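Taking it in order: structure first as structure tokens, then the write-up.
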Amino acid sequence: MNYLKLSKEISYILRHNPSQYSLELDDLGYVEIEKLLNALNATRHYPKEITLEDLFKVIELSDKKRLEISSNTIRALYGHSIKEQIIKSPATPPLVLYHGTSHNALEKIIVEGLKPMQRQYVHLSIDIETAIQVGKRRDASPILLSIDTKKAIENGINFYLGNDKVWLSDAIPVKYIQVIEK
Ligand code: HQG
């Protein structure tokens with residue numbers, strides 16, 4: 001079984017396009033596992049039937065905690081772009097969070113702040129190493145930003161838990177962002 005391909009297809013479904021697979025997410029982003037498996041198997045993208053064990057394997061082999069199972073349902077923990085907003089409860093993040101980005105994006109970010117862009121929330125990293133990994137998807141030598149979450153929260157900006165490494169947030173105005181000089 002190609003678990004990387006399966007992982008990408010599941011993330012695509014649960015983050016971006018459940019309706020293409022005739023699925024609907026609930027307000028928290030969950031879908032019934034059985035429905036997801038049926039939808040995946042209906043695609044005939046895989047040489048053999050996808051089972052619950054395959055889902056467990058995807059989660060076990062993943063380099064990041066992207067998916068969450070809760071009883072008979074599953075959801076993506078972050079990354080959503082569907083138009084129905086996934087409901088997240090505001091939570092208290094570490095005092096500082098990080099964001100790795102490209103030189104290109106920086107020009108805009110220092111003027112208009114961090115925006116969710118194609119996704120529902122801004123994605124922030126819990127440590128510099130994670131932020132560098134995220135930034136390297138777009139720039140071999142990424143720019144590192146730090147976010148003063150305490151000041152941002154005091155001014156009404158909400159943060160939400162993604163996974164053990166990723167926090168989500170509303171748009172972050174420039175005044176809470178600093179460029180970390182390397
Ligand atoms: C940038 C991956 C111009 C932002 C990662 C980023 C992450 C702006 C890009 C997760 C901007 C959006 C999310 C502004 C922000 N003007 N550009 N005002 N504000 N940007 O992919 O944070 O492997 O939507 O800096 O590891 O890069 O898929 O967000 O470069 O956790 O599980 O616009 O996706 O996880 O890009 O990455 P993205 P991201 P997975």
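Predicted, not measured: the structure shown is a model, and the values here were computed from it. Both counts, for ligands and for their atoms, begin at 1 and track the order of listing.
- Looking from atom 27 (O) of ligand 1 to the surrounding protein, the closest heavy atom is Arg137 NH1, 2.9 Å.
- Between Gln85 and Tyr121, the side chains place a donor N or O and an acceptor N or O closer than 3.5 Å (distance only, hydrogens not considered).
- Atom 14 (C) of ligand 1 has Glu112 OE2, 3.5 Å as its closest protein atom, hydrogens excluded (heavy atom only).
- For ligand 1, the atoms lying closer than 4.0 Å to a non-hydrogen atom of Lys108 are 3 (C), 16 (N).
- Note that OG1 of Thr51 is 11.0 Å distant from NZ of Lys57, once rounded to the nearest 0.5 Å.
- Put simply, part of Gly113 is less than 4.0 Å from ligand 1, judged by heavy atoms.
- Remark: the backbone N or O of His103 is paired with a side-chain donor or acceptor of Asp139 at under 3.5 angstrom.
- The proximity of His123 to ligand 1, defined as any non-hydrogen pair under 4.0 Å, involves the side chain as well as the backbone.
- Heavy-atom separations between Gln118 and ligand 1 are all 4.0 Å or longer.
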Residues Asp54, Tyr46; criterion side-chain hydrogen bond (donor to acceptor under 3.5 Å, both in side chains); working and verdict:
CA-CA 12 Å; Asp54 291 320; Tyr46 302 90; over 6 Å; no
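- Because its NZ or CZ atom is not both nearer than 6.0 Å to the ring centre of Tyr78 and within 45° of the ring axis, Lys88 does not count as a cation-pi partner of that residue.
- Residue Lys165 places no heavy atom under 4.0 Å from ligand 1.
- Listed by number with element, the atoms of ligand 1 under 4.0 Å from a non-hydrogen atom of Leu114 are 15 (C), 19 (N).
- Of all protein heavy atoms, the one closest to atom 23 (O) of ligand 1 is Lys64 NZ, 2.7 Å.
- Within 6.0 Å of atom CD in Gln20, more than 12 heavy atoms from other residues, nucleotides or ligands are found, so the atom counts as buried in its surroundings.
- Heavy-atom separations between His99 and ligand 1 include at least one value shorter than 4.0 Å.
- Glu154 CD: more than 12 foreign heavy atoms inside a 6.0 Å radius.
- Under a 3.5 Å cut-off, the side chain of Thr149 and the backbone N or O of Leu95 do form a donor-acceptor pair.
- Counting heavy atoms under 4.0 Å from ligand 1, residue Gln133 does not touch it at all.
- Residue Arg15 has at least one heavy-atom neighbour below 4.0 Å for each of these atoms of ligand 1: 28 (O), 32 (O), 40 (P).
- For Lys115, heavy-atom contacts with ligand 1 shorter than 4.0 Å involve the backbone as well as the side chain.
- Residue Tyr78 has at least one heavy-atom neighbour below 4.0 Å for each of these atoms of ligand 1: 31 (O), 32 (O), 35 (O), 40 (P).
- With hydrogens left out, the protein atom closest to atom 24 (O) of ligand 1 is Arg119 NE, 2.7 Å, a heavy atom.
- Distances below 4.0 Å separate heavy atoms of Arg138 from the following atoms of ligand 1: 6 (C), 9 (C), 21 (O), 27 (O), 30 (O), 36 (O), 38 (P).
- Atom 20 (N) of ligand 1 has Met117 CG, 3.7 Å as its closest protein atom, hydrogens excluded (heavy atom only).
- In this structure a side-chain-to-backbone donor-acceptor pair under 3.5 Å is present from Gln120 to Ile82.
- Counted within 6.0 Å of NZ on Lys35, heavy atoms from surrounding residues, nucleotides or ligands total 12 or fewer; the atom is thus considered open.
- Enclosure of atom CD in Glu24 is not indicated, since only 12 or fewer non-hydrogen atoms of other residues, nucleotides or ligands lie within 6.0 angstrom.
- Taking a cut-off of under 4.0 Å to the non-hydrogen atoms of Ala105, the atoms of ligand 1 that pass are 17 (N).
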